[in-house]
Amino acid sequence: MTRSVDISGTVRERAARELRDRILTGALPPGTRVDLDAITEEFSTSRTPVREALLELSFEGLVKVAPRSGITVIGISPRDVQDSFTILGVLTGQAAAWAAERVAADELAQLRQLAADVVTRSGDDTIGEANWLFHQAIHRAAHSPRLLTQIRQAARVVPTNFLTVFPEHEKHSLSEHEELLDALERRDADAARDIAERHVLEAGRSLAEWLARR
């Protein structure tokens, strides 16, 4: 089944995100030669933002750009996925703990609304975007710009279409959202940390197992 590619907004960022998703989920497996012209045509854009997106992915170690052989997918191993998600889990756990201590009443109300929006998008392709907005809001509620920067970098290993690729995680994920919100409302930093970290680690295990089977 094909799906439309939305690269509106900052074209380079959206192109990088789409290509990164395909690599992380194995849709572009290791060894695949990337046809720059084909990707440019698919995204209906010029070569420059696509080339810049591929250079960004090369800095992340996901593709290799060579003058003569072109662009080849390196991919990511299941072990690297687990390592990356473990790091991300620690960071997001800390963000949740600080959010429990620092979140304002209006921020908590917004989080409830964002969580409800994720629920309304159940089974829809847009659930991934809504889910990411929810988690971003929790990260911001930690009120730590330095931590937020680290999370943004580490979170690149998470496919934006994770809940679409792994629909079995959806129900459990929504349940954990409610648990996390309750912990924030109780100002229970330890519980918030544990829930947020477990949330990420379980996702990492699923992605690692998925890649190992492909």
Side-chain angles (χ1 to χ4, degrees), residues 17 20-21 24-25 76 78-211:
R17 186 178 308 161
R20 187 184 297 111
D21 282 353
L24 292 174
T25 58
I76 187 168
R79 181 177 221 175
D80 285 342
V81 166
Q82 290 185 310
D83 288 352
S84 297
F85 272 76
T86 298
I87 294 167
L88 179 60
V90 171
L91 294 172
T92 57
Q94 185 60 59
W98 279 343
E101 297 170 352
R102 303 171 181 176
V103 67
D106 61 329
E107 290 176 315
L108 188 57
Q110 182 192 29
L111 284 169
R112 292 281 183 190
Q113 292 177 349
L114 290 171
D117 186 46
V118 178
V119 173
T120 62
R121 296 172 187 268
S122 177
D124 191 275
D125 285 347
T126 60
I127 190 172
E129 181 179 357
N131 183 64
W132 179 233
L133 289 174
F134 169 73
H135 285 286
Q136 278 185 313
I138 290 178
H139 303 158
R140 287 195 299 270
H143 295 281
S144 173
R146 295 178 70 85
L147 179 58
L148 188 60
T149 299
Q150 295 296 319
I151 289 175
R152 284 174 176 163
Q153 180 67 29
R156 291 184 175 186
V157 75
V158 184
T160 59
N161 60 340
F162 181 86
L163 289 180
T164 304
V165 176
F166 302 99
E168 67 275 9
H169 271 265
E170 184 179 306
K171 184 176 180 180
H172 185 57
S173 181
L174 298 181
S175 175
E176 286 187 333
H177 287 177
E178 290 302 316
E179 291 179 32
L180 181 53
L181 288 172
D182 290 343
L184 296 182
E185 193 164 15
R186 297 194 311 270
R187 303 289 179 178
D188 190 337
D190 289 338
R193 183 197 306 276
D194 290 344
I195 295 165
E197 187 168 349
R198 184 177 69 245
H199 192 73
V200 172
L201 291 177
E202 290 173 350
R205 279 193 292 270
S206 292
L207 180 55
E209 291 171 359
W210 164 273
L211 290 174

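We number each residue from 1, following the sequence as shown.
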Interatomic spacing from CG in N161 to CD1 in I127 - rounded to 0.5 Å = 12.0 Å
message = Once rounded to the nearest 0.5 Å, what's the spacing between atom CG of L147 and atom CZ of R152?
response = 10.5 Å
inquiry  = I'd like to know if R112 and E178 make a salt bridge, using a cut-off of under 4.0 Å between side-chain N and carboxylate O.
reply    = yes
query = Crowded around R187 CZ? As in, over 12 foreign heavy atoms under 6.0 Å?
reply = yes
ask   = Does any N or O in the side chain of E107 come within less than 3.5 Å of the main-chain N or O of A104, such that one atom is a donor and the other an acceptor?
value = yes
query = Between I76 and V157, which heavy-atom pair has the shortest distance, and what is it?
reply = CD1-CG2, 3.8 Å
ask   = Quick one: do D117 and R121 make a salt bridge, cutoff under 4.0 Å?
value = yes
request  = Taking the side chain as every heavy atom from C-beta outward, state whether V165 and P159 have any atom pair closer than 4.5 Å.
outcome  = no
query = Do Q150 and Q94 come within less than 4.5 Å of each other through their side chains, counting heavy atoms only?
reply = no
key: Under 3.5 Å donor-acceptor, W98 side chain and H143 backbone   = no
remark   = Distance col, row F134:CZ vs E129:CD, nearest 0.5 angstrom, shows 15.5 Å
remark   = When rounded to the nearest 0.5 Å, the distance separating CG of N131 from CG of L114 is 10.5 Å
query = Are any non-hydrogen side-chain atoms of E202 and S173 less than 4.5 angstrom apart?
reply = no
task = Specify the closest pair of heavy atoms between L180 and A192, including all atoms of both residues, with the distance to one decimal.
result = CD1-O, 3.6 Å
request  = Assign the ring pair H135 / H177 to parallel, tilted or perpendicular, where the plane angle (0 to 90°) is split at 30° and 60°.
outcome  = perpendicular
note = Rounding to 0.5 Å, atoms CZ (F162) and CH2 (W132) come to a distance of 13.0 Å
request  = Flag the pair H139 / T92 as yes when at least one side-chain heavy-atom distance between them is below 4.5 Å, and no otherwise.
outcome  = yes
task = Measure across A196 and G93 and return the closest heavy-atom pair with its distance rounded to 0.1 Å.
result = CB-CA, 4.1 Å
ask   = Which heavy-atom pair separates L91 from A154 by the least distance, and what is that distance?
value = CD1-CB, 3.8 Å
request  = Please determine if R193 and D188 form a salt bridge, counting it only when a charged side-chain N lies under 4.0 Å from a carboxylate O.
outcome  = no
ask   = Between D21 and T25, what is the shortest heavy-atom contact and its length?
value = O-OG1, 2.8 Å
inquiry  = For a side chain to side chain contact (heavy atoms under 4.5 Å, CB included) check, start with the C-alpha distance between E197 and V90, then their side-chain angles and the critical distance, and finish with the verdict.
reply    = CA-CA 6 Å; E197 187 168 349; V90 171; 4.1 Å; yes
ask   = When rounded to the nearest 0.5 angstrom, what distance separates CD in Q136 from CG in L148?
value = 8.0 Å
inquiry  = With a 4.5 Å cut-off on side-chain heavy atoms, are K171 and L174 touching?
reply    = no
message = Has T86 got a side-chain atom pairing as donor or acceptor with Q82's backbone, closer than 3.5 angstrom?
response = yes
key: Minimal non-hydrogen separation, L201 against F85, with atom names   = CD2-O, 4.0 Å
